[in-house]
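Here the structure is a predicted model, which is why all the values come from computation and not from measurement.
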Amino acid sequence: MSVAPEIARLAEAVLLIPAQHAASPADFPDRDAERTLTVGTLARLLRSIAASPERWWGLVRFEPGGSVQVTVEECAAYRAWLVVLPPGDAGQSCDCDVATMIAGEATEGTSAGAVLRPGPVRVHGERHGERHGLHGRGTGYSISLHARAHRTSMKK
């Protein structure tokens, strides 16, 4: 199975992410220090990563047999990762604090749940170990970006 058409579709979808103002490194937590993160800071960090495909595009893997989860960044304060879902994939469980679709579509919860599309950041916040389901939707691959603060660094 060739994924060339999927790559072209996803490259087009990246353009759907709204332009972001460049963030200075001072706007985000020190990668090596334990810091208190708010959900808002984590959401802003996620949007910055999503708007910088050079930080994650080389990590994307298209596996027709099932979903793939790939770490994009991890430090003392948070972890950010990609989830790549093939068309119609039954999905996987997720415990993120914030998420955004990079390309394609997915549903949250059941396959009939809320449709997630590129652009908005979905905030789950601290859910004390609760997980939510993510299911592939549509005829193409879906890529989503997720982040979770390490619980010792999360501030409500």
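Although no hydrogens or angles enter the test, the distance criterion places a donor-acceptor pair under 3.5 Å between the side chain of W56 and the main chain of I49. Side chain of T100 to backbone of P120: a donor-acceptor contact under 3.5 angstrom is found.
Inter-residue side-chain proximity for R122 and M101 is flagged as unmet; no heavy-atom pair is nearer than 4.5 Å. Taking 4.5 Å as the limit, some side-chain heavy atom of R55 sits within range of a side-chain heavy atom of S48. When side chains are defined from C-beta on, E105 does not count as touching H135, because their heavy atoms never get closer than 4.5 Å. Contact check for I143 versus W57: side-chain heavy atoms found under the 4.5 Å cut-off.
Nearest heavy-atom pair, V121 versus A43, reported as atom, atom and distance to 0.1 Å: CG1-CB, 4.0 Å. Shown here for R148 and D97, the closest heavy-atom pair between the two residues is CA-OD2, 3.4 Å. Here the shortest heavy-atom pairing between G104 and P118 reads O-CD, 3.3 Å. Contact record, A99 with H146: CB-ND1, 3.5 Å, taken as the closest heavy-atom pair. Considering every non-hydrogen atom in both A77 and L37, the closest pair reads O-CD1, 3.4 Å.
Considering I102, L134, L85 in turn, L134 is the only one that fulfils the side chain to side chain contact (heavy atoms under 4.5 Å, CB included) rule with S144.
With sequence neighbours excluded, the residues forming a side-chain contact (heavy atoms from CB on, under 4.5 Å) with A147 are L42, L46, A80, V98, listed by chain and number.
Separating the OH atom in Y78 from the CD atom in E73 is a distance of 4.0 Å, to the nearest 0.5 Å.
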Would you tabulate the side-chain donor-acceptor contacts of residues 59-71 under 3.5 Å, counting partners in other chains and residues two or more places apart, or write 'none'?
{"from": "S67", "atom 1": "OG", "to": "Q92", "atom 2": "NE2", "distance (Å)": "2.7"}
{"from": "Q69", "atom 1": "OE1", "to": "R79", "atom 2": "NH2", "distance (Å)": "3.1"}
{"from": "Q69", "atom 1": "NE2", "to": "Q92", "atom 2": "OE1", "distance (Å)": "2.9"}
{"from": "T71", "atom 1": "OG1", "to": "R79", "atom 2": "NE", "distance (Å)": "3.3"}
{"from": "T71", "atom 1": "OG1", "to": "R79", "atom 2": "NH2", "distance (Å)": "3.1"}

